[in-house]
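We count ligands from 1, going down the list as the structure has it; atoms in each ligand are counted the same way. We use all heavy atoms of the structure for the numbers below, so side chains are in, but hydrogens, waters and symmetry mates are not. If you read the sequence from its start, that first residue is 1, and numbering goes on from there.
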Amino acid sequence: MLLKDKTVIVTGGNSGIGAAIALAAGREGANVVIDYVVHPEATEELDDEITRAGSEAIGVDADVSKVADLRRLIEVAVAQYGRIDVLVNSAGIETRTSLLDTSEQDYDTVMAVNLKSAFFASQLAARQFIAQGGGGVIINISSVHEDWPMPGNTPYCVSKGGMRMLTRNAAVELGAHGIRMLNVAPGAVDTPINTSTTTDPDKLKALNASIPLGRVAKPEEVAETVVFLASDKAAYVTATTVVVDGGIMQGSVGL
Ligand code: BGC
């Protein structure tokens, strides 16, 4: 098992890509700390599924846009399992608004949930990793849009662009402590963030046609890559972005 006895925290861990990562990590033997803000019943179901797979999980109701909540999330994980080994920053939202129509509130919320959260969760996890004697892995769930424009989704792209530089800068700073930090950049994935596209047959057809592999990803397909990168099998991978996009960035048209 790739993550046997490691403690893995997943933010946004009861939905979408985060939930798939939580389950995949549990199946690989990890103790999983599932951060969530809504739908406690989804957390409970996931917790049960991880337990049935033979691992342990706990849910923590923590709003990642608040540093005090992030601090509590890490404290609860350490109190429960004695240490932490992997942080996956998966919480994310998008407003699908352009520069011209984005409100201050849209901007602040997207930046807080997507970028501020990853910044401070990484800071707090790294401090804990160092206090434990070094080592540890931080994986940010970014997007192909950390680098690739998505007109009509500007605050989201700005937040993911920030995440790209956060990972490069912080990974360089943290390398001396044996801490790896990297981004995983999914393309289009069948999760709640994409419902407005995946439930509209015309939009879905156009999206599928723009992807060289011809279809959107299942969340599990992103999760498998994350589990590998979190494991010692990827011991020399850091300070970069691993793209899991079915080739969408090289395709002819975006969304
Ligand atoms: C966005 C989706 C978009 C996909 C591919 C994701 O990061 O959240 O809205 O469909 O990228 O462009």
Side-chain angles (χ1 to χ4, degrees), residues 10-22 36-38 64-65 88-103 106-119 139-168 182-226 229 240-255:
V10 187
T11 73
N14 75 349
S15 160
I17 294 172
I21 293 168
Y36 70 101
V37 276
V38 286
V64 294
S65 67
V88 181
N89 289 309
S90 185
I93 55 168
E94 62 186 29
T95 51
R96 298 245 175 145
T97 52
S98 69
L99 174 73
L100 293 178
D101 58 24
T102 297
S103 68
D106 288 338
Y107 177 91
D108 284 345
T109 310
V110 171
M111 295 302 277
V113 174
N114 296 6
L115 184 58
K116 178 186 170 194
S117 67
F119 188 105
I139 298 181
N140 290 319
I141 306 306
S142 169
S143 164
V144 288
H145 300 298
E146 68 168 39
D147 206 28
W148 187 42
M150 181 174 178
N153 206 7
T154 300
Y156 178 81
C157 294
V158 172
S159 73
K160 297 299 181 178
M163 202 179 236
R164 177 182 164 85
M165 205 59 208
L166 164 66
T167 289
R168 278 154 180 75
L182 49 132
N183 281 9
V184 167
V189 186
D190 188 9
T191 68
I193 211 173
N194 252 323
T195 313
S196 65
T197 305
T198 51
T199 55
D200 177 324
D202 292 338
K203 282 192 188 165
L204 181 60
K205 202 169 162 211
L207 178 59
N208 285 338
S210 74
I211 302 170
L213 288 185
R215 61 175 179 84
V216 302
K218 293 188 275 236
E220 296 74 24
E221 293 175 299
V222 179
E224 290 305 329
T225 301
V226 172
L229 291 169
T240 192
T241 297
V242 175
V243 176
V244 186
D245 75 339
I248 193 173
M249 265 203 289
Q250 320 303 327
S252 48
V253 262
L255 236 200

TODO: Please verify whether a non-hydrogen atom of T197 lies at under 4.0 Å from ligand 1.
DONE: no
Task: Side chains of T191 and S15 in contact at under 4.5 Å (non-hydrogen atoms) - done: no
- [ ] Taking all non-hydrogen atoms of both residues into account, name the closest pair between L207 and I248 and its distance.
- [x] CD1-CD1, 4.1 Å
- [ ] Compare every heavy atom of S196 with every heavy atom of R96, then report the nearest pair and how far apart it is.
- [x] NH1-OG, 3.4 Å
Return a table of donor-acceptor pairs under 3.5 angstrom between the side chains of residues 218-226 and protein atoms on other chains or two or more places apart.
| from | atom 1 | to | atom 2 | distance (Å) |
| --- | --- | --- | --- | --- |
| E221 | OE1 | R215 | NH1 | 3.0 |
| E221 | OE1 | K218 | N | 2.8 |
| E221 | OE2 | R215 | NH2 | 2.8 |

Go through ligand 1 atom by atom and flag the ones less than 4.0 Å from a non-hydrogen atom of [X].
X    : answer
M150 : 3 (C), 9 (O)
H145 : 4 (C), 5 (C), 6 (C), 7 (O), 11 (O), 12 (O)
N194 : 2 (C), 3 (C), 9 (O), 10 (O)

Task: Option among N89, T241, N114, T11 that satisfies the side-chain hydrogen bond (donor to acceptor under 3.5 Å, both in side chains) test with N140 - done: N89
TODO: Could you say whether the N/O atoms of R96 and ligand 1 ever approach to under 3.5 Å?
DONE: yes
TODO: Ignoring angles and geometry beyond distance, decide whether W148 reaches within less than 3.5 Å of ligand 1 through its nitrogen or oxygen atoms.
DONE: no
TODO: Quick one: look at V189 and ligand 1, take heavy-atom pairs under 4.0 Å, and tell me if it's side chain, backbone, both or neither.
DONE: neither
- [ ] Pick one of side chain, backbone, both or neither for how K160 approaches ligand 1, counting any non-hydrogen atom pair under 4.0 Å.
- [x] neither
- [ ] Answer yes if the side chains of D106 and T95 hold a donor-acceptor pair under 3.5 Å, and no otherwise.
- [x] no
- [ ] Using the test side chain to side chain donor-acceptor pair (under 3.5 Å), find all partners of D108 that sit at least two apart in sequence or belong to another chain.
- [x] none
Open item on the list: I'd like the name of whichever of G187, A185, S196, S142 reaches closest to atom 4 (C) of ligand 1 through any heavy atom.
Closed with: G187
